[in-house]
Amino acid sequence: MSQTEIEKRLSDLEKEVAVLKQKIQKEENEKIPWWKQRMGIFADDPAHEEAMRLGREYRVSQREK
């Protein structure tokens, strides 16, 4: 491997490490619990609404009469 190739690979690795460091810093700064970050992701999703309806229907059908 030539000196130029090694320098390019090293440069690429340094850029990638910088990106990873930024991601870690961003996550540390946000300190929002994971479950709060996902709140509302199913808003207005017809498939989610259908799943909730079917689950409710099943639970009601399992109740003692």
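Only a predicted model underlies this, so the values are computations on that prediction, with no experimental measurement involved. Reckoned from all heavy atoms, side chains included, excluding hydrogens, waters and symmetry mates.
- A salt bridge is absent between Lys8 and Glu5: the closest approach of a Lys/Arg side-chain nitrogen to an acidic carboxylate oxygen does not fall below 4.0 angstrom.
- Put simply, the side chain of Arg56 reaches to within 4.5 Å of the side chain of Arg59, judged on heavy atoms.
- Rounding to the nearest 0.5 Å gives a distance of 11.0 Å between OG of Ser61 and CG of Leu54.
- Atom NZ of Lys26 is separated from atom CD of Gln22 by 10.0 Å, given to the nearest 0.5 angstrom.
- Sparse packing is recorded around CD of Glu16, with 12 or fewer heavy atoms of other residues, nucleotides or ligands lying under 6.0 Å away.
- If you take CD on Gln3 and CG on Leu10, they are separated by 10.0 Å, rounding to the nearest 0.5 Å.
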In sequence, state the C-alpha distance, the side-chain angles, and the governing distance for Glu50 and Arg53, and then conclude on side-chain contact (heavy atoms from CB on, under 4.5 Å). CA-CA 5 Å; Glu50 177 71 1; Arg53 184 187 68 74; 2.8 Å; yes
Using the rule given for side-chain contact (heavy atoms from CB on, under 4.5 Å), can you reason through Asp45 versus Glu49, listing the C-alpha separation, both sets of side-chain angles and the distance that settles it, and then say yes or no? CA-CA 6 Å; Asp45 184 347; Glu49 295 300 321; over 6 Å; no
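- Taking a 6.0 Å sphere around CG of Asp44, one finds it holds 12 or fewer heavy atoms contributed by other residues, nucleotides or ligands.
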